[in-house]
There are 2 protein chains.
Amino acid sequence: MNLPPLIRSFVLHFGEMGSRWGINRTVGQIYALLYVAPRPLCADDIVEALGISRSNVSMSLRELQAWNLVVLKHLPDDRRDFFTTPDDVWQILRTLAEERKKREVDPTLSVLREILMQPAGSEEEAHAQRRMAEMHDLIEQLTTWYDDVKRLETERLATLLSLGSKITRLLETKDRIVSFGRARKSERPGERRSGGATPGKDPEE
Amino acid sequence: MNLPPLIRSFVLHFGEMGSRWGINRTVGQIYALLYVAPRPLCADDIVEALGISRSNVSMSLRELQAWNLVVLKHLPDDRRDFFTTPDDVWQILRTLAEERKKREVDPTLSVLREILMQPAGSEEEAHAQRRMAEMHDLIEQLTTWYDDVKRLETERLATLLSLGSKITRLLETKDRIVSFGRARKSERPGERRSGGATPGKDPEE
DNA sequence: CACTAATTTCAGAAACTTCTGAAATCACCG
DNA sequence: CGGTGATTTCAGAAGTTTCTGAAATTAGTG
């Protein structure tokens, strides 16, 4: 490996991290390298920078493509493939979330659904099904939220994040103001339960 | 492995999933088993249910304890350790988020900070630092949001989730109403930038 | 403080993943 | 359509992780 020290540390750290979740070391390193490189790199650039075999680079790039994490570029009069990462880190985050959901969450949800369809053969199984139903419902709530939020443009998403938990307070403020403004048109919102509070159901978006 | 079919499917799925992210197959299976079991299990119950060696169970339980994912119980007049998972799935989610952050996010943040402190030795390194800074800032925004939201009680967290992106609309509604109600006390909120929109900075928690 | 039973540790075996170099494939060019 | 160079595939080598049984440790008991 023959890289400027700062880039080297970053690449090595990503390699480590990569192996801590599913992705492997080389894939992590290549991603890190592409992420910080000032221009798109071709396979041989990567071989040179990381000191790994050509075939390993080829396979790892395939994997990154399968994750939609890299962008393919072509230079005129050069038939080699050049690779970069998207410029926008928020876009990268979205892709990562989407792919991890696809690989980690969706299969679990469908296994849970399948098991929950079957009849329990004993009290032990019935209890297990109740537990699985709790898990299923939690995951479903989270993915519903995610599906909703992922469509926001970056700017609004950032606003949402910067508000954080303040929103629950804001929500109460809004309840007060709106119910006051409308002079109690129907009934007052009052205490809200955990399940399905969906005020202000605008048709747009 | 000698388990009722529904439980068996669940346990096997979790084993698979386990190996898809960092955790290993056995650890995943044991967790799944404890999660659906109607009562706390001891190590030998697990050996029996999953058909794996006693020592493997012992090591895997240690790992689950290191992740804070299991609860230790003792029965009177029995010095064996019995294990369960917490009853509340939201609590489980919190623990999982906390531990993954500790292992996956925090180390990355500190590596990024360290690298960003060092002087760049070339334009290539300077560019890399700019990219790393973008990544750093994104992660910091996400963790700030997380640190804020994780303190919410389950009920409020559920409300927040069920609102999802509707909140940004709600926010605009609130801006309108509040600025109208206050009859433009100081300046009007207007367009909001991505960075630090923090309306309603209440002192309380 | 010896005995017993539960539990943990650990060295090496088994299983699995990653990585390589050689061979096959692909795609353009004359 | 044969040649050239880039790229991919793949069998097996290298490396890593997981799992086991045997030995060591811990903790309670008479």
Side-chain angles (χ1 to χ4, degrees), chain A residues 1-2 11-12 14-34 40-67 69-84 103, chain B residues 1-2 11-12 14-34 40-67 69-84 103:
Chain A
M1 187 178 301
N2 182 26
V11 163
L12 290 177
F14 258 69
E16 294 288 306
M17 267 341 205
S19 35
R20 195 167 298 190
W21 36 294
I23 218 164
N24 83 38
R25 190 158 48 85
T26 308
V27 174
Q29 290 184 353
I30 293 180
Y31 187 80
L33 182 65
L34 295 177
L41 303 181
C42 73
D44 284 315
D45 294 335
I46 298 169
V47 167
E48 160 121 41
L50 302 182
I52 58 183
S53 77
R54 186 49 236 266
S55 55
N56 194 0
V57 170
S58 180
M59 293 200 300
S60 301
L61 284 172
R62 296 206 128 247
E63 178 143 14
L64 285 172
Q65 282 176 285
W67 278 81
L69 283 171
V70 292
V71 178
L72 230 159
K73 297 253 152 146
H74 280 107
L75 303 185
D77 293 334
D78 190 334
R79 58 200 180 76
R80 290 175 296 173
D81 288 342
F82 286 77
F83 298 88
T84 359
R103 279 153 227 253
Chain B
M1 187 180 299
N2 183 26
V11 163
L12 289 177
F14 258 69
E16 295 287 306
M17 267 344 207
S19 33
R20 196 167 296 189
W21 36 296
I23 218 165
N24 84 38
R25 191 158 48 86
T26 308
V27 174
Q29 290 184 354
I30 293 180
Y31 186 79
L33 182 65
L34 295 176
L41 303 181
C42 72
D44 284 316
D45 294 335
I46 298 170
V47 167
E48 159 121 40
L50 302 180
I52 58 183
S53 76
R54 187 50 236 266
S55 55
N56 194 0
V57 170
S58 180
M59 293 200 299
S60 301
L61 284 172
R62 300 208 125 244
E63 177 143 13
L64 284 171
Q65 283 176 284
W67 278 81
L69 283 171
V70 292
V71 179
L72 231 159
K73 297 253 151 143
H74 279 108
L75 303 185
D77 293 334
D78 191 336
R79 59 201 180 79
R80 290 174 297 172
D81 288 343
F82 286 77
F83 298 88
T84 358
R103 278 153 228 253

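Within every chain, numbering begins at 1; the chains are lettered A, B, ... in the order of the sequence lines, protein sequences first and strands thereafter. We use all heavy atoms of the structure for the numbers below, so side chains are in, but hydrogens, waters and symmetry mates are not.
Residue contacts shown for B:Asn24 are limited to sugar-phosphate atoms, with no base heavy atom under 4.0 Å away. B:Thr26 comes within 4.0 angstrom of sugar-phosphate atoms only, judged by non-hydrogen atoms across all strands, and of no base.
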- [ ] Could you walk me through whether B:Phe82 and B:Leu41 pass the side-chain contact (heavy atoms from CB on, under 4.5 Å) test, one step at a time?
- [x] CA-CA 5 Å; B:Phe82 286 77; B:Leu41 303 181; 5.6 Å; no

- [ ] Start with the C-alpha distance between A:Leu50 and A:Asn56, add both sets of side-chain angles, then the distance that settles side-chain contact (heavy atoms from CB on, under 4.5 Å), and finish with yes or no.
- [x] CA-CA 11 Å; A:Leu50 302 182; A:Asn56 194 0; over 6 Å; no

- [ ] For A:Lys73 and A:Leu75, run side-chain contact (heavy atoms from CB on, under 4.5 Å): C-alpha distance rounded to whole Å, both residues' side-chain angles, the deciding distance at 0.1 Å, then the answer.
- [x] CA-CA 7 Å; A:Lys73 297 253 152 146; A:Leu75 303 185; 5.7 Å; no

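In the 5' to 3' direction, nucleotides of DNA chain D lying under 4.0 Å from heavy atoms of chain B begin and end at D:dT18 to D:dG28.
When all heavy atoms of A:Arg80 and A:Cys42 are compared, the pair lying nearest together is NH1-SG, 3.7 Å.
Distance A:Arg79 CZ to C:dC29 P: 7 Å, rounded to the nearest Å. For the pair B:Gln65 CD and C:dT7 C1', the computed distance is 12 Å after rounding to whole Å. Whole-Å rounding puts the A:Asp78 CG to C:dA27 C1' distance at 14 Å. Going from atom CZ of B:Arg20 over to atom C1' of C:dC16 covers 16 Å, rounded to whole Å. Nucleotide C:dC28 holds its C1' atom 15 Å from the CZ atom of A:Arg80, rounded to whole Å. The distance from atom CG of B:Leu72 to atom P of C:dT8 is 9 Å, rounded to the nearest whole Å. Distance, B:Ile46 CD1 to C:dT8 P: 11 Å, rounded to whole Å. Rounded to whole Å, atom P of C:dC26 lies 12 Å from atom CZ of A:Arg62.
Counting non-hydrogen atoms of neighbouring residues, nucleotides and ligands closer than 6.0 angstrom, the CG atom of B:Asn2 reaches no more than 12 such neighbours.
DNA chain D is contacted by both A:Ser19 and A:Met59; A:Met59 maps to the nucleotide lying nearer its 5′ end (nearest heavy atom per residue). In terms of position on DNA chain D, the residue among B:Val57 and A:Arg25 whose nearest nucleotide sits closer to the 5' end is A:Arg25.
Here the side chains of B:Phe83 and B:Val71 are not in contact, with every heavy-atom distance at 4.5 Å or above. Put simply, the side chain of A:Met59 does not reach to within 4.5 Å of the side chain of A:Thr26, judged on heavy atoms.
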